[in-house]
Amino acid sequence: MRPNAIAGAAGTVLAGTLVAGFLSAPAAGAAQAVPGGAAEAKGVKIAAERAAKTGVKWQDCPADWGLEKPIQCGFVTVPVDYAKPNGRTIKIAVDRAKSTGTASERQGALVYNPGGPGGSGLRFPKRVTTKAPLYANIAKAYDFVGFDPRGVGHSAPISCVDPQEFAKAPKADPVPANEAEKRAQRKLAKEYADGCAERSGDLLPYLTTPNTARDVDVVRAALGEKKLNYLGVSYGTYLGAVYGTLFPGHVRRMIVDSVVNPAQDNIWYKANLEQDIAFEGRFKDWEKWVAQHDDAFHLGTTQATVHRNWEKLRASAKRNPIGGVVGPAELIGWFQKAAYYDSSWVPVAQTWSKYIAGDAKPLIEAAGPNMDDKAGNIASENSNAVYTAVECADAKWPTSWAKWDRDNTRIHRQAPFMTWSNAWMNLPCATWKAKQSDPIEVTTHKGLPQTLIVQSDRDAATPYEGAVELHKRFRGSQLITEKGAGSHGVTGLVNPCINSKVDAYLLTGKLTGGSDVTCTPHATPEPPKATATK
């Protein structure tokens with residue numbers, strides 16, 4: 001799931017939280033697993049056969065995509081509704097960087113999804129063209145392929161509100177002080193849901209994870225690949241889990257990193273409540289680290305003191321937004337990065353430290369809006385719209401406000417950092433106008449090869465239990481646990497214990513180290529010797 005605390009409709013925060021041959025026959029078990037039955041399975045077969053014949057017309061990427069040579073771009077045509085493969089179609093944007101090894105070293109394409117829902121994977125090939133050391137061995141064997149999922153970016157993008165309105169700040173404090181503030185947020189959440197229906201209603205019923213998984217299979221066929229090599233992170237793990245359930249015989253190798261719990265009753269209402277609790281724990285991990293480096297940051301010598309100073313900052317920004325644009329909602333949007341990624345520990349602490357020392361500019365620039373960045377605001381609004389649309393369409397959400405209020409009030413008592421932000425982010429699903437589905441039962445079907453699951457045990461966005469659950473459901477999988485760590489997205493970090501096993505799996509297909517593996521954590525960030533002064 002993608003980073004939370006994304007700006008919402010005017011005056012509020014809707015905060016939630018963050019691929020030689022063709023398909024020859026339906027995969028074993030696919031028809032009974034696919035929601036809607038055999039019609040969609042037949043539709044995928046038809047679309048994949050067409051894509052295999054057509055292929056991808058690779059060419060230089062459009063200048064405004066920011067993807068320079070030798071990265072190439074193209075499109076793959078897919079049905080909007082797989083039950084009607086001869087009906088309306090959309091184009092899925094794809095790109096690639098060719099493998100750097102010899103012809104004998106090449107093993108095909110590696111398709112990537114970074115998460116979301118709503119994340120674009122088009123930057124993935126840059127890991128080849130920038131010669132990122134971590135991916136050097138894999139890049140010799142695989143073309144790196146990214147794509148914009150349906151509804152995202154260059155793939156029939158959707159919208160729910162005007163992007164410039166979406167970017168405005170400060171938003172209302174997500175933590176309600178009274179019933180009137182709850183009513184105001186409920187009204188805005190309904191207006192957001194209505195805006196989605198108004199601006200993008202014809203596509204909303206089809207923006208589901210199963211349909212995106214079907215798109216991935218059509219992309220696989222268009223690439224000329226008999227079987228899929230796949231790397232999915234965050235929400236990309238759920239997409240991978242659904243793909244592995246629907247098309248087990250089309251998987252060659254699959255890595256899922258930082259795993260969404262795929263249990264049907266967890267998608268998506270319960271998942272967000274569990275995320276709130278995990279974020280609270282990881283935020284405290286960061287506060288403890290900040291306290292250990294008080295000589296650098298001067299924000300308190302204990303976790304409790306650092307937390308009190310966070311609460312003071314939040315309260316002050318509520319009374320008087322910093323620079324007129326950074327209130328509590330914007331602070332959450334910036335500070336949550338520290339709970340997501342260890343790489344953000346130092347910059348978030350430094351920004352805060354400089355503010356305490358009297359320099360507000362870095363915090364305003366980091367947490368405030370950039371109204372001049374119209375392209376960035378369009379992309380952010382689109383990402384938020386797809387996040388909402390997919391989560392609302394994937395499952396039937398509670399429609400009773402009493403339930404939302406009761407559950408989030410209870411969770412807020414133990415996890416105040418993210419709970420109400422997450423609630424407002426997802427509340428449009430309570431009044432969603434488009435069809436809502438039943439999540440599929442993720443499970444092993446005949447033909448699914450061994451998959452590799454990688455997870456840190458203190459991950460906030462996708463709590464560790466999700467990896468354990470998928471490990472149970474995908475028989476024969478291997479779970480690598482990074483013990484005592486909590487960064488979201490593990491395979492992109494330098495940890496030789498993990499990196500060597502990822503390389504070995506992708507290059508040889510072998511799961512090394514036994515049935516399950518525990519790795520010590522990657523290096524903890526260290527602040528520069530001197531930052532802000534008192």
Taking [Y]'s backbone N and O only, do any of them form a donor-acceptor pair with [X]'s side chain (distance below 3.5 Å, no angle check)?
| X | Y | answer |
| --- | --- | --- |
| Thr444 | Arg473 | yes |
| Gln59 | Gly74 | no |
| Ser200 | Ser159 | yes |
| Trp432 | Thr388 | no |
| Gln164 | Asn377 | no |
| Asn382 | Ile158 | yes |
| Glu469 | Pro262 | no |
| Asn408 | Trp404 | yes |
| Asn384 | Ser380 | no |

For the residue pair Arg253 and Tyr142, would you count it as a cation-pi contact if the rule is NZ or CZ under 6.0 angstrom from the ring centre and within 45 degrees of the ring axis?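 No, cation not above the ring by the 6.0 Å, 45° rule.
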
Between [X] and [Y], does at least one N-O distance fall below 4.0 Å, as a salt bridge requires?
| X | Y | answer |
| --- | --- | --- |
| Asp342 | Arg282 | yes |
| Arg220 | Asp217 | yes |
| Lys45 | Glu49 | yes |
| Arg106 | Glu225 | yes |

Decide yes or no on side-chain hydrogen bond (donor to acceptor under 3.5 Å, both in side chains) for Lys140 and Thr100, but give the supporting numbers first. CA-CA 4 Å; Lys140 290 180 181 179; Thr100 61; over 6 Å; no

Going by the angle between their ring planes, with limits at 30° and 60°, are Phe247 and Tyr243 parallel, tilted or perpendicular?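 Correct class here is tilted.
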
How are the rings of Trp65 and His154 set relative to one another: parallel (under 30°), tilted (30 to 60°) or perpendicular (over 60°)?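 Trp65 vs His154 ring planes: parallel.
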
More than 12 non-hydrogen atoms from neighbouring residues, nucleotides or ligands closer than 6.0 Å to NZ on Lys396, yes or no?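 Yes - once you tally the heavy atoms of other residues, nucleotides and ligands closer than 6.0 Å, there are more than 12.
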
Looking only at the side chains, is there a donor atom on one of [X] and [Y] sitting less than 3.5 Å from an acceptor on the other?
| X | Y | result |
| --- | --- | --- |
| Gln264 | Asp438 | no |
| Tyr82 | Arg214 | no |
| Glu482 | Asn495 | yes |
| Asn113 | Tyr238 | no |

List the steps, then state whether side-chain contact (heavy atoms from CB on, under 4.5 Å) holds for Leu479 with Tyr464. CA-CA 11 Å; Leu479 171 59; Tyr464 183 70; 3.6 Å; yes

Identify the two heavy atoms, one from [X] and one from [Y], that lie closest to each other, and give their separation to 0.1 Å.
| X | Y | value |
| --- | --- | --- |
| Ser99 | Ala141 | CB-C, 4.0 Å |
| Val490 | Ser456 | CG2-N, 3.7 Å |
| Ala460 | Ala339 | CB-O, 3.7 Å |
| Met254 | Phe474 | SD-CE2, 4.4 Å |
| Lys433 | Ala197 | CD-CB, 3.9 Å |
| Thr237 | Val259 | OG1-CA, 3.3 Å |

Begin from the C-alpha positions of Asp202 and Val80 and carry the test side-chain contact (heavy atoms from CB on, under 4.5 Å) through to its verdict. CA-CA 10 Å; Asp202 59 340; Val80 170; over 6 Å; no

Would you please test Trp58 and Val94 for side-chain contact (heavy atoms from CB on, under 4.5 Å) and show each step? CA-CA 9 Å; Trp58 295 111; Val94 297; 3.7 Å; yes

What distance separates Asp503 CG from Ile498 CD1, expressed to the nearest 0.5 Å?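 Result: 12.0 Å between the selected atoms.
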
Measuring from Tyr112:OH to Leu122:CG, what's the distance to the nearest 0.5 Å?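 So the gap between those two atoms works out to 11.5 Å.
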
Summary of salt bridge (charged side-chain N to carboxylate O under 4.0 Å, His left out) pairs that have at least one residue in residues 56-70, sequence neighbours excluded: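 Residue pairs passing salt bridge (charged side-chain N to carboxylate O under 4.0 Å, His left out), neighbours aside: Asp60-Lys69, Glu68-Lys126.
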
Mind checking whether Glu274 and Glu465 have side chains closer than 4.5 Å, heavy atoms only?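 With C-beta onward as the side chain, the pair stays apart.
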
Asp394: what forms a side-chain hydrogen bond (donor to acceptor under 3.5 Å, both in side chains) with it, not counting sequence neighbours?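 Asp394: side-chain hydrogen bond (donor to acceptor under 3.5 Å, both in side chains) contacts with Thr209, Trp268.
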
In a check of side chain to side chain contact (heavy atoms under 4.5 Å, CB included) between Val442 and each of Ile267, Thr245, Asn261, which one passes?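 Passing option: Thr245.
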
